Number of protein chains: 2
Amino acid sequence: MTIERRGPLSRSRRPTIKDVAEAAGVSRSTVSRALTGRGYAAPDVRERVLRAAAELGYVPDVMARTLKQQVSRSVGVLVSDLRNPFYAELAAGASREARERGYTMVLADTSLSAEAESEAAEALVALRVAGVVVTPNSSAVSTYLGSHGIPVVEVDRQFAAGSTDGVVVGNRVGARTATAHLVELGHRRIALFIDETDWTTGYERYQGYLEALSAADIKVDPDLVVSSGWDVADSRRRALDMLAGPDRPTAVFAANNVLAEGVWRAIGELGLRAPGEVSLVAFDDAPWMSMVSPQVSAVSQDTFNLGATAVRRLDERIEMPDADSVTTVLGVRLVARESTAPPPVL
Amino acid sequence: MTIERRGPLSRSRRPTIKDVAEAAGVSRSTVSRALTGRGYAAPDVRERVLRAAAELGYVPDVMARTLKQQVSRSVGVLVSDLRNPFYAELAAGASREARERGYTMVLADTSLSAEAESEAAEALVALRVAGVVVTPNSSAVSTYLGSHGIPVVEVDRQFAAGSTDGVVVGNRVGARTATAHLVELGHRRIALFIDETDWTTGYERYQGYLEALSAADIKVDPDLVVSSGWDVADSRRRALDMLAGPDRPTAVFAANNVLAEGVWRAIGELGLRAPGEVSLVAFDDAPWMSMVSPQVSAVSQDTFNLGATAVRRLDERIEMPDADSVTTVLGVRLVARESTAPPPVL
DNA sequence: ATTTCGTGTGGGAACGATGTCACATTCCTT
DNA sequence: AAGGAATGTGACATCGTTCCCACACGAAAT
């Protein structure tokens with residue numbers, strides 16, 4: 001392998017626009033015009049330049065271009081946790097849309113940590129990215145990037161509604177539909193597992209849950225609302241506690257796929273029959289939900305599309321920096337599977 | 001929101017090193033030295049510079065720095081399909097390691113397409129990335145990047161062994177162990193579902209399968225080796241065909257998580273009892289495998305670590321460009337669960 | 001024949017950070 | 001007090017590209 005590294009091509013410096021200009025017998029400016037298509041270039045000259053560039057294996061230096069133009073063709077994408085299929089799929093959607101629109105994607109996994117998030121944001125500023133798509137953990141990122149004049153689109157969660165663009169799903173209606181589905185089946189003691197109830201996504205889903213209960217004249221039992229941490233282990237533990245108790249709920253609505261996994265595991269470990277003894281419905285349809293037995297009913301969101309839409313919105317924002325900010329709400333649909341059924345008769 | 005965009009900070013240009021120099025009352029060179037830590041800088045001067053930089057919200061322009069130094073602190077990561085949990089986890093590992101080592105990560109999902117892969121590679125050259133980690137679909141990427149003097153680490157699959165670094169898992173031993181596990185349980189008709197058998201990963205896993213059979217004096221039945229496309233639907237269809245047939249195998253070894261899903265679905269649809277009527281073992285332990293019933297036995301690879309190791313190797317290569325190339329082989333282990341048992345007695 | 005225009009092309013100045021080099025200052029030693 | 005060493009400073013070139021302006025050339029119009 002050492003041989004290649006010492007080969008003529010690798011050791012000699014990369015060809016610059018100047019080399020192309022000399023090879024084609026024109027000036028650097030002409031090469032630039034011929035290659036970018038901006039400005040005049042006689043057909044024969046253009047042809048000559050293109051051939052010279054191809055022969056030399058010339059690749060324009062993005063750094064130099066960006067330095068000159070003061071804005072790059074890269075977008076930053078900040079997601080919370082790539083190991084969660086939700087974020088992975090969102091990133092996949094963002095990636096495809098970015099590629100289609102000629103952007104390079106700089107991705108960082110912020111590991112649910114505010115510190116990593118800030119660090120990543122600073123790196124993106126340094127890179128002079130054209131814009132950023134973020135699943136925010138706080139309002140700090142958007143504020144920071146905004147103060148540097150970098151367009152931001154908040155996706156999934158939205159902290160800076162009104163001042164930045166957002167792409168979210170119908171959290172409230174989705175949660176209401178899921179809860180109402182349980183109510184219609186006859187459930188009255190419906191537990192909610194949720195990460196938090198104060199901001200954006202968590203708030204909306206909580207409200208949806210409350211609305212559905214209130215519409216059915218069911219009084220909310222605070223003991224049935226569990227604010228669990230953002231991991232399977234914690235959610236499982238809390239679910240074990242609740243479902244082992246004497247007056248356990250007849251149904252659980254888990255507000256995201258991680259919490260749903262914890263609850264699902266707890267149900268299995270306790271040997272409870274689902275949906276016979278306890279029904280389960282989740283927000284966010286993860287792949288495993290249609291594979292396990294019983295299949296888990298879920299509010300399905302088009303996550304790939306969520307990512308793609310966010311990048312599309314970002315591109316539009318980059319084109320029109322001064323337009324009013326927009327929040328796009330994507331639809332969700334309830335996929336009723338096997339884990340929801342009428343409650344046991346007492 | 002329009003208000004903010006027109007605010008004093010966003011409309012005025014970003015602060016440059018010159019602004020910091022003026023604010024601190026020193027020269028640009030001094031600011032550079034104080035901030036980077038390279039070269040002289042008196043303690044009090046350094047302090048003054050740091051404060052001025054912080055006050056102005058100065059963020060060094062990576063583009064300008066890279067242009068000057070001719071090498072960036074970014075690494076490219078090219079993965080086949082972020083929607084596949086395998087690649088998502090690999091990317092997550094790469095992301096964490098990159099961050100820890102002070103690299104920004106430019107990620108592209110190549111969607112299993114050679115065209116997208118080349119396109120992405122060219123973009124990475126243009127970005128002057130310090131190196132690239134890739135799960136290659138062909139040898140073209142590594143060759144191309146190598147010809148531009150960009151260090152490459154091939155991960156999971158390895159096409160350019162010997163000329164570039166690689167990080168792979170013990171594919172052969174893993175496949176052999178999985179197959180031998182079935183043999184030990186008494187199976188003689190063991191099917192192999194695999195994407196291809198000619199290159200790198202597929203070749204090694206195929207060889208492992210053959211070795212295990214040959215060690216047990218079992219003749220290979222070509223009808224039991226299915227080279228399926230890289231998607232669940234195809235694998236499911238092929239599995240339906242095979243398992244519905246008269247002399248179906250008593251066990252299936254699926255060489256990756258996607259094929260395993262197809263086979264698993266087919267088993268379920270045909271109403272076959274697993275492991276009673278057919279055993280299943282997979283290479284690559286996807287999350288769903290420990291959730292479904294019966295839980296699927298699998299050869300588990302530490303995918304997160306695979307990504308992290310690749311970036312670590314890349315960093316080392318960047319530091320020492322002329323060292324001999326290294327292929328790191330990570331261990332795997334068979335996790336025997338419920339889907340493998342002795343074959344039915346005829 | 002001179003002006004006017006349009007069409008291509010070339011020259012040179014940015015862009016922002018860094019490193020080199022020559023020089024200026026301070027401090028220590030003799 | 002003078003010399004030299006040690007430390008800090010600022011001007012300038014550099015990286016590869018793009019953009020602006022100037023200019024050349026020929027044709028058409030006066």
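Treat the numbers as computed from the prediction; the structure is a model and nothing was measured. Chain letters run A, B, ... following the sequence lines, proteins first and then strands; every chain starts at 1.
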Quick one: do the S32(B) and S29(B) side chains pair a donor with an acceptor below 3.5 Å?
no
note: R73(B), atom CZ; dA17(C), atom C1'; distance rounded to Å ~ 17 Å
key: W230(A), CH2: over 12 other non-hydrogen atoms inside 6.0 angstrom   = yes
Rounded to whole Å, the CE-C1' distance (M63(A) to dT18(D)) equals 17 Å
Whole-Å distance, D44(B) CG to dG8(D) C1', equals 11 Å
Whole-Å distance, R128(A) CZ to dG16(C) P, equals 8 Å
Atom pairs under 3.5 Å: protein N/O with N/O of nucleotides 11-13 of chain C:
residue: dG11(C); atom: N7; partner: S29(A); partner atom: OG; Å: 3.2
residue: dG11(C); atom: O6; partner: S29(A); partner atom: OG; Å: 3.0

Atom CZ of R46(A) and atom P of dT7(C) are separated, to the nearest Å, by 15 Å
*Determine whether L107(B) and V77(B) make a side-chain contact, defined as any pair of heavy atoms from C-beta on separated by less than 4.5 Å.*
yes
Self-check item: Evaluation steps, side chain to side chain contact (heavy atoms under 4.5 Å, CB included), between Y144(B) and I150(B)
Solution: CA-CA 9 Å; Y144(B) 175 72; I150(B) 298 179; over 6 Å; no
Determine, for R96(B) against D109(A), whether the closest basic-nitrogen to carboxylate-oxygen distance falls under 4.0 angstrom. no
In whole angstroms, the gap separating C1' of dT20(C) from CD of Q69(B) amounts to 14 Å
Salt-bridge criterion met for R312(B) and E316(B) (N-O under 4.0 Å)
no
Here the distance between atom P of dC15(C) and atom CG of D61(B), to the nearest Å, is 12 Å
Would one find a side-chain N or O of Q70(B) under 4.0 angstrom from OP1 or OP2 of dG16(D)? yes
Paired with L314(A), the side-chain contact (heavy atoms from CB on, under 4.5 Å) test is passed by just one of T309(A), V153(A), D165(A), namely V153(A)
Ranking G25(B) and T36(A) by the position along DNA chain D of their nearest nucleotide, the one closer to 5' is G25(B)
In B/S/- notation (B base, S sugar-phosphate only, - none; protein heavy atoms under 4.0 Å), nucleotides 22-28 of chain C written 5' to 3' is -------
Result for 5'-nearest mapping on DNA chain D, choosing between L67(A) and T30(B), is T30(B)
message: Under 3.5 Å, is there a donor on one side chain and an acceptor on the other for R157(A) and S80(A)?
response: yes
With no hydrogens and no angle check, do the side chains of D19(B) and Y58(B) hold a donor and an acceptor under 3.5 Å apart?
no
Self-check item: Residue-phosphate contact under 4.0 Å: Y58(B) side-chain N/O, dA17(C) OP1/OP2
Solution: yes
| CZ/R28(B): more than 12 non-hydrogen atoms of other groups inside 6.0 Å | no
* Asked: Does CD belonging to E47(A) count more than 12 external heavy atoms closer than 6.0 Å?
  -> no
Taking the side chain as every heavy atom from C-beta outward, state whether R128(B) and V62(A) have any pair of such atoms under 4.5 Å apart.
-> no
Rounded to 10°, the helix from dA1(C)-dT30(D) to dT30(C)-dA1(D) deviates from straight, judged by its five-pair end axes, by 60°
Out of dT18(D), dG10(C), dT18(C), minimum distance to the side chain of I17(B) belongs to dT18(C)
When rounded to whole Å, the CG to P distance for the pair L127(B) and dC15(D) reads 21 Å
